[in-house]
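Each remark here refers to the structure printed beneath this line.
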Amino acid sequence: MYGITSSAPEVRALKDELTGTVTVAGDAGWDDARAAWNLAIDQRPAVITEPETVADVVATVNFARERGLRVTAQGTGHGASALGSLQDTVLIKTHRMRVVGIDPECRLARAQAGAIWADIVAPASEHGLAPLAGSAHDVGVVGYTLGGGVGWLGRKHGLAANGVVAIQVVTADGRVRVVDADHEPDLFWALRGGGGSFGIVTAIEIELHPIDELCAGMLAFPWERAAEVLRAWREWTRTVPDEVTSLGRIMQIPPLPDIPEPLRGRSLAVIEVACLHGEAGTAELVAPLRALGPEIDTIAPMGPAGLLGVHMDPPGPVPGAGDGALLDELPGDAIDALVAAAGPGSGSPLVSVEVRHLGGALARSHESHGALAALEADFALYAVGMAPDADAIAAVNAHLDVVKGAVSEWHAGRRFLNFSERRGGDDMFAPAALRRLRAVKTLVDPDDMIRANHPIAPVD
Ligand SMILES: Cc1cc2nc3c(=O)[nH]c(=O)nc-3n(C[C@H](O)[C@H](O)[C@H](O)COP(=O)(O)OP(=O)(O)OC[C@H]3O[C@@H](n4cnc5c(N)ncnc54)[C@H](O)[C@@H]3O)c2cc1C
């Protein structure tokens, strides 16, 4: 089957059947079709489909199953680095299925599988509502949410996975199922935090949250002050209510033309804050941070759509390598170790080393929650560097190990799926959750046909 060509009768039949497109190596458009958002990833699947309908997804899954191929879904390719070789796999790129509906009365959004966060955030914002989106406008709603989803409203409203109301999914047998708390609750549970191993999601329905008041932005300091500023930020996180979600980071911003002048080419220590209060309440809360004397201060009132700009994520696809870790705690020694590994004089090639403050609703589990019921760690580390060629990939990966190793003493025993860009073992889930995930996988996909970047294997 590998090396399959456009003229193969089964490919011609699939092309005839699909409203969307089917692309194989050698076709015009092959390189565009196989590109992931992370341009460092060179993916070469057996076949690529770009479905436009649920029927296209069903036809693709049936095509793969009948030919002994595996199948995997990709919304954007932000999480493509952990996928591994796709030579025996049909890649379903969902980006043409981007219809989004907002129901302001019920405070719900329904999104097709290819929607990115900007597709929901903008129309929801018009009604004063917000989803539990992450930092970047173009991360896929489905991939992010299946992996848990930690965003700016996280400490107040929890993980995105636990704000899901229903999921439409095509399972390995080609059946279209709509799962929720009352219909196939085990599969619904597994999809909410267990990742993409259980089926090809075609649509997702999520809760929206009313946002009456919001201030957000960043405080930037010369990076020589990184240890002092991050230590002060860490002390401050002990005092804030759940309405405040924040992170501290060390940045070496590349001198790229589309980066605004005050930041372009700079090295900085940065604190980013989102606060569900008005200007006066926020000013009171962030006063201890402002007292540090930031060089840049952008914290200001904004609508929910503004949150997608706070973290300064890349505006479009880039080549990168990153990885993260959950940290049980972040004492001053841990901050010093991070600054020594990634701050001034470290020789670090990393663009950003950030630590997100967790806790609040992110740490509170409930029996209604999914496979990732809560993040049982106080902080999440994520570091990333630009990786345009093999040498850069090697240098960035080596330094990711240095940074993660510097704080290994404080690693929680578990990793967070969304901040893990390397293939890992079974340490994403508590043992009981992993056993249940594997049992669900065995029921819906005993032959392990559906692949995910962080796979759950069926029981042997
Ligand atoms: C710049 C950047 C910013 C980020 N910010 C945040 C953040 O603030 N918070 C956070 O929690 N994470 C964040 N992430 C991590 C991100 O949430 C994960 O990489 C996530 O997996 C991306 O989903 P995607 O659909 O965009 O990527 P993809 O690579 O398309 O998908 C990742 C995986 O999700 C699964 N998947 C995707 N679509 C489907 C589908 N239709 N059906 C079944 N499975 C599917 C597959 O297993 C796939 O391998 C960020 C990543 C980047 C690169």
Side-chain angles (χ1 to χ4, degrees), residues 135 150-156 214-253 263 266-277 281-300 307 310-313 324-344 346 348 350-360 362-363 375 377-384 403-404 406-407 409-412 419:
S135 61
V150 168
W152 284 122
L153 309 180
R155 282 176 38 81
K156 178 69 180 170
L214 169 68
C215 290
M218 61 107 166
L219 305 172
F221 304 82
W223 86 324
E224 290 75 14
R225 294 185 61 194
E228 170 212 350
V229 165
L230 293 180
R231 274 172 168 262
W233 164 72
R234 192 270 173 268
E235 287 309 308
W236 175 79
T237 60
R238 293 182 201 271
T239 68
V240 297
D242 292 355
E243 283 73 24
V244 178
T245 299
S246 68
L247 62 85
R249 66 199 298 203
I250 299 167
M251 297 189 78
Q252 299 187 85
I253 301 167
L263 301 172
R266 298 284 311 279
S267 294
L268 297 164
V270 174
I271 300 167
E272 296 170 8
V273 179
C275 179
L276 291 164
H277 283 289
T282 301
E284 200 175 315
L285 279 162
V286 302
L289 300 177
R290 283 186 163 142
L292 295 168
E295 188 184 311
I296 303 171
D297 177 350
T298 67
I299 297 175
L307 287 176
V310 170
H311 195 247
M312 301 172 279
D313 284 315
L326 289 174
L327 305 178
D328 274 332
E329 52 178 347
L330 190 71
D333 286 354
I335 287 174
D336 292 347
L338 273 182
V339 173
S346 64
S348 163
L350 303 179
V351 172
S352 170
V353 176
E354 72 182 60
V355 187
R356 295 195 188 195
H357 182 211
L358 305 177
L362 293 167
L375 279 176
D378 281 350
F379 292 90
L381 169 73
Y382 178 75
V384 66
V403 167
K404 286 176 64 180
V407 289
E409 193 180 334
W410 298 281
H411 282 196
F419 288 174

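All residue numbers in this chain count up from 1 along the given sequence. For the numbers below, each heavy atom of this structure counts, side chains included, while hydrogens, waters and symmetry mates do not. Just so it is clear, the model here is predicted, and its values are computed rather than measured.
- Applying the salt bridge (Lys or Arg N to Asp or Glu O under 4.0 Å) criterion to E329, with sequence neighbours excluded, gives no partner residue.
- D333 is linked by a salt bridge (Lys or Arg N to Asp or Glu O under 4.0 Å) to nothing, counting only residues two or more places apart in sequence or in another chain.
- When the salt bridge (Lys or Arg N to Asp or Glu O under 4.0 Å) test is applied to R225, the partners found at least two apart in sequence or on another chain are E228.
- There is a side-chain donor-acceptor pair under 3.5 Å between W233 and S246.
- Contact annotation: the side chain of L292 approaches that of F221 to within less than 4.5 Å [non-hydrogen atoms, C-beta and beyond].
- For E409, there are no side-chain contact (heavy atoms from CB on, under 4.5 Å) partners at least two apart in sequence or on another chain.
- Counting heavy atoms from C-beta outward, L285 and P241 have side chains that approach closer than 4.5 Å.
- Within the structure, salt bridge (Lys or Arg N to Asp or Glu O under 4.0 Å) contacts touching residues 215-224 (residues at least two apart or in different chains) do not occur.
- A salt bridge links R155 with D242; the closest basic N to acidic carboxylate O contact falls under 4.0 Å.
- With V355 as the partner, the side chain to side chain contact (heavy atoms under 4.5 Å, CB included) test is satisfied by one option alone out of T237, I335, L247, L338: L338.
- Side-chain contact between W236 and V244 is present, with at least one heavy-atom pair separated by less than 4.5 Å.
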Kindly determine whether E295 and R266 satisfy salt bridge (Lys or Arg N to Asp or Glu O under 4.0 Å), including the steps that lead there.
-> CA-CA 12 Å; E295 188 184 311; R266 298 284 311 279; 3.0 Å; yes
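- Using a 4.5 Å cut-off on side-chain heavy atoms (C-beta onward), H357 and T245 make no contact.
- Partners of D336 according to the side-chain hydrogen bond (donor to acceptor under 3.5 Å, both in side chains) rule, which considers only residues two or more places apart in sequence or in another chain, are R231.
- For F419, the ring-ring contact (aromatic ring centres under 6.0 Å, His included) partners two or more places apart in sequence, or in a different chain, are Y382, F416.
- For the side chain to side chain contact (heavy atoms under 4.5 Å, CB included) criterion with R249, the lone passing option out of L230, V270, I271 is V270.
- Heavy-atom contacts from other residues, nucleotides or ligands closer than 6.0 Å to CD of E235 number more than 12.
- D313 meets the salt bridge (Lys or Arg N to Asp or Glu O under 4.0 Å) test with no other residue; sequence neighbours excluded.
- Remark: Q252 engages no residue in a side-chain hydrogen bond (donor to acceptor under 3.5 Å, both in side chains) (not counting sequence neighbours).
- Qualifying side-chain hydrogen bond (donor to acceptor under 3.5 Å, both in side chains) partners for E354, counting only residues two or more places apart in sequence or in other chains: H311, R356.
- Side-chain contact between V407 and L381 is present, with at least one heavy-atom pair separated by less than 4.5 Å.
- Residues satisfying the side-chain hydrogen bond (donor to acceptor under 3.5 Å, both in side chains) test with S346, not counting sequence neighbours, are none.
- For V351, the side-chain contact (heavy atoms from CB on, under 4.5 Å) partners two or more places apart in sequence, or in a different chain, are P254, M386.
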